[in-house]
Engineer: 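Mind having a look at this structure? Questions to follow.
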Amino acid sequence: MTLQLHNTLTRSKQRFLPLDRAHVRMYVCGPTVYDEVHIGNARPLVIFDVLYRLLRRSYRDAQVTYVRNITDVDDKIIDRAAESGEAIDDLTARTTERFHDATAALGCLEPDVEPRATDHIAEMIAMIEILIEKEHAYEAEGEVLFSVPSMPDYGKLSGRNRDEMIAGARVEVSSHKRDPADFILWKPSTDDQPGWDSPWGRGRPGWHIECSAMSEKYLGPAFDIHGGGVDLVFPHHENEIAQSLCAHPDQSFAQVWMHNGYLMSEGEKMSKSLGNFYTVTELLDEFPGEALRLALLATHYRQPLDFTKDGVREATARLNRYYLALKAVEDNEDNEADAEDDESTAKVAEETEFGDALYDDLNTPAALSALDQQATRIINAKPGELGVLGEAFRANANQLGLLTEPSDQWFKRGTSDDEQTQIEALIQQRMDARAAKDFAEADRIRDELVAKGIVLEDGAGGTTWRRGG
């Protein structure tokens, strides 16, 4: 199978060919750590985690390096610390920890490198000096600005004209600009703001230069994939291209630019005033992280996504079915049932439809549909077929970061040790009642458990239970 990815730069889907077959490299813009991770932030985390898994599978004989940065110096951070009275270091440490908790709950693998902006000020200063030397940037009263007119094809990623770029740019106001579109690379810091010594005085970097410097540090001046949300196309990624290509005109910077679509919430733009602003932490109080992950994958990554709690409930029900299929596979493994002779053929058949979908520009909705069909075949399978079907089903689900725990853990999630003890005691009482032929009492106990959302399954090995719904 050949991996096809949509490239924002060329506005087309194209075959992915890494610059170096022995080392595949990807950079994804990470969080600015001043607040809780909301569900809109979570979408690129999950999408590019799936791509990372796919690259590791496709290039298993090669090195795959995934870099996702932490922006821990930014005016938003300074403003939030001033509002709350919290020290900046404490704020960034706390929100970074919460970010890591969220990514773990969403089932995301850790990136290979997670650079922090404050650890790479020297690299940013060095790149700014190169841009000044090549006359793509200029210093004015402690500020350094990038000269947009110095790059003739500026704007090729977003396709915006000059008026649109000036109107839509996240550009700090500066009286020293030579051109309205110029953007800041370095700015002065007051005594109460984070700052570092530089050739232009004590100051701090602009937002855009951070990613250009960190991606070069760990992936080189030319690498394979650069990802992020569609909101970053302009000005952030446009400015990254300008900085990196003007600093290294003989290099190509990122080959493929990938962007996930916008996220709506309950049919409207997410807003605290509308009551549809969901942080991952808040949602995890109500739903399993795996259900949030599946809900984010149910829409193609390039399409707008309307995130709803009903959608997460549907995702939870879908996962219940997947875990029922997994339980059948696990029970079969426990019974050491033999698979039929045509294992390799069956496994290839199971993997191909799923793989074709995923290799077609991360078509996760189609991949999930293939997983739905596999689950149905497993639930209806004969014992001798389960080994073959189960192996492919589990591998495909894991490729999406799903079914990462045993089925009994999934179905007993959210149940405390005391509750489990009470349930097991009721099951024993029911078994005793059945042995005494007191079927009315046995039925009463079953009804009591059902009312608590507990499903009983009687089998040759005894009675097992799981949470329904």
Side-chain angles (χ1 to χ4, degrees), residues 8-9 11 29 32 34 69 71 73-80 82 117 121 123-190 193-196 198-216 226 228-249 251 253-254 257 259 262 269:
T8 305
L9 188 63
R11 293 160 180 76
C29 289
T32 300
Y34 71 99
N69 73 292
T71 295
V73 53
D74 186 86
D75 286 355
K76 287 183 178 180
I77 297 173
I78 295 172
D79 292 343
R80 179 58 55 85
I121 301 299
E123 288 84 356
M124 298 173 202
I125 291 173
M127 180 172 279
I128 293 171
E129 288 180 315
I130 292 173
L131 290 170
I132 292 174
E133 181 184 348
K134 294 180 180 294
E135 299 185 347
H136 290 293
Y138 56 93
E139 187 269 338
E141 298 189 24
E143 291 181 348
V144 181
L145 296 104
F146 184 89
S147 174
V148 168
S150 73
M151 185 180 186
D153 58 350
Y154 179 86
K156 64 182 178 181
L157 181 68
S158 64
R160 297 189 181 203
N161 63 39
R162 179 174 172 78
D163 290 340
E164 290 172 329
M165 288 189 290
I166 294 172
R170 174 182 163 182
V171 179
E172 295 88 342
V173 176
S174 172
S175 61
H176 314 303
K177 287 185 182 182
R178 296 176 182 171
D179 187 275
D182 292 351
F183 58 89
I184 288 179
L185 301 174
W186 188 265
K187 66 182 76 173
S189 291
T190 60
Q193 293 175 328
W196 292 263
S198 79
W200 318 286
R202 183 177 180 275
R204 62 192 188 277
W207 176 34
H208 314 299
I209 195 68
E210 297 178 3
C211 287
S212 284
M214 288 186 285
S215 64
E216 180 185 343
H226 196 313
V230 68
D231 56 308
L232 298 181
V233 172
F234 187 87
H236 186 50
H237 288 168
E238 196 80 78
N239 291 349
E240 278 191 66
I241 290 174
Q243 295 161 163
S244 297
L245 290 185
C246 288
H248 304 288
Q251 298 291 335
F253 197 37
W257 288 85
H259 296 93
Y262 287 109
K269 184 177 180 180

Engineer: Under the ring-ring contact (aromatic ring centres under 6.0 Å, His included) test against H208, which residue among F183, F234, F146 passes?
Structural biologist: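 Testing each of F183, F234, F146 against H208, the sole residue satisfying ring-ring contact (aromatic ring centres under 6.0 Å, His included) is F183.
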Engineer: Output yes when a side-chain donor or acceptor of E238 lies under 3.5 Å from a complementary backbone atom of S158, and no otherwise.
Structural biologist: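 Here the side-chain-to-backbone pair exists.
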Engineer: Does some side-chain heavy atom of E141 sit less than 4.5 Å from a side-chain heavy atom of W200?
Structural biologist: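 Contact flag for W200/E141 side chains = no.
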Engineer: At what distance, to the nearest 0.5 angstrom, does CE of M151 lie from CG of D153?
Structural biologist: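 So the CE of M151 and the CG of D153 are separated by 4.5 Å.
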Engineer: Within the structure provided, determine whether I132 and E129 are in side-chain contact (heavy-atom separation under 4.5 Å).
Structural biologist: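 Sidechains of E129 and I132: no contact.
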Engineer: Hey, are W186 and S198 close enough side-chain-wise for a donor-acceptor pair under 3.5 Å?
Structural biologist: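 Judged by distance alone, the side chains do pair up.
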Engineer: Counting C-beta onward and ignoring hydrogens, is there a side-chain heavy-atom pair between S215 and F253 closer than 4.5 Å?
Structural biologist: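 A side-chain contact under 4.5 Å exists here.
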Engineer: Examine the side chains of E139 and H176 and answer whether a donor and an acceptor come within less than 3.5 Å of each other.
Structural biologist: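 No.
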Engineer: Between W207 and D74, is there a side-chain heavy-atom distance shorter than 4.5 Å?
Structural biologist: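 SC-SC contact between D74 and W207 confirmed.
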Engineer: CZ/R204 to CH2/W196 distance, rounded to the nearest 0.5 angstrom?
Structural biologist: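 Reported to 0.5 Å precision, the distance equals 9.0 Å.
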Engineer: For the residue pair K134 and P249, what are the closest heavy atoms and their distance?
Structural biologist: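 The pair with the smallest heavy-atom distance is CE-CD, 4.3 Å.
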Engineer: Side-chain contact, heavy-atom cut-off 4.5 Å: S244 with Q251?
Structural biologist: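 Side-chain contact under 4.5 Å: no.
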Engineer: Ignoring hydrogens, what is the shortest heavy-atom contact between M127 and A247? Give both atom names and the distance.
Structural biologist: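 Result for this residue pair: CG-CB, 4.2 Å.
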Engineer: Would you check if R202 and P188 make a side-chain contact, meaning some heavy-atom pair closer than 4.5 Å?
Structural biologist: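 No, their side chains stay 4.5 Å or more apart.
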Engineer: If we check side-chain contact (heavy atoms from CB on, under 4.5 Å) with C211, which of these qualifies: Q243, H237, H236?
Structural biologist: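 In the set Q243, H237, H236, the residue that makes a side-chain contact (heavy atoms from CB on, under 4.5 Å) with C211 is H236.
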Engineer: From I209 CD1 over to L185 CG, what is the distance, rounded to the nearest 0.5 angstrom?
Structural biologist: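 Between atom CD1 of I209 and atom CG of L185 there are 5.0 Å.
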Engineer: Could you check whether any side-chain heavy atom of R178 comes within less than 4.5 Å of a side-chain heavy atom of L145, counting everything from C-beta outward?
Structural biologist: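 With C-beta onward as the side chain, the pair stays apart.
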Engineer: What's the shortest heavy-atom distance between V148 and A181, and which atoms?
Structural biologist: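 That closest heavy-atom pairing would be CG2-O, 3.2 Å.
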Engineer: Spell out, as yes or no, whether a donor-acceptor pair under 3.5 Å connects the side chain of T8 to the backbone of W257.
Structural biologist: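 Yes; at least one donor-acceptor contact below 3.5 Å.
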Engineer: For the residue pair C29 and N69, what are the closest heavy atoms and their distance?
Structural biologist: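 Smallest interatomic distance, heavy atoms only, reads CA-OD1, 3.4 Å.
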Engineer: Going by an N to O cut-off under 4.0 Å, is there a salt bridge joining D75 and K187?
Structural biologist: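 A salt bridge links D75 with K187.
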Engineer: Taking all non-hydrogen atoms of both residues, which atom of T71 and which atom of E210 are closest, and how far apart?
Structural biologist: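 Closest heavy-atom pair between T71 and E210: CG2-OE1, 3.3 Å.
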Engineer: Rounded to the nearest 0.5 Å, what separates atom CD in E240 from atom NE2 in H226?
Structural biologist: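 Nearest 0.5 Å value for the CD-NE2 distance: 3.5 Å.
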Engineer: With the side chain counted from C-beta on, respond yes when R80 and I77 share a heavy-atom pair under 4.5 Å apart, and no when they do not.
Structural biologist: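 Answer no - side chains too far apart.
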Engineer: Using a distance-only test with no angle check, is there a side-chain donor-acceptor pair under 3.5 angstrom linking H136 and S147?
Structural biologist: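 Checked: H136/S147 side chains show no N/O donor-acceptor pair below 3.5 Å.
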Engineer: Can you name the nearest heavy-atom pair linking S189 to G195, along with the distance?
Structural biologist: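 Looking at all heavy atoms of both residues, the shortest contact is OG-CA, 3.8 Å.
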Engineer: Is the backbone of L157 close enough, under 3.5 Å, to the side chain of R11 for a donor and an acceptor to pair up by distance?
Structural biologist: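 Between the backbone of L157 and the side chain of R11 there is a qualifying donor-acceptor contact (under 3.5 Å).
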Engineer: So does K76 pair up with D79, basic N to acidic O under 4.0 Å?
Structural biologist: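 Judged by the 4.0 Å cut-off on N to carboxylate O distance, K76 and D79 do not form a salt bridge.
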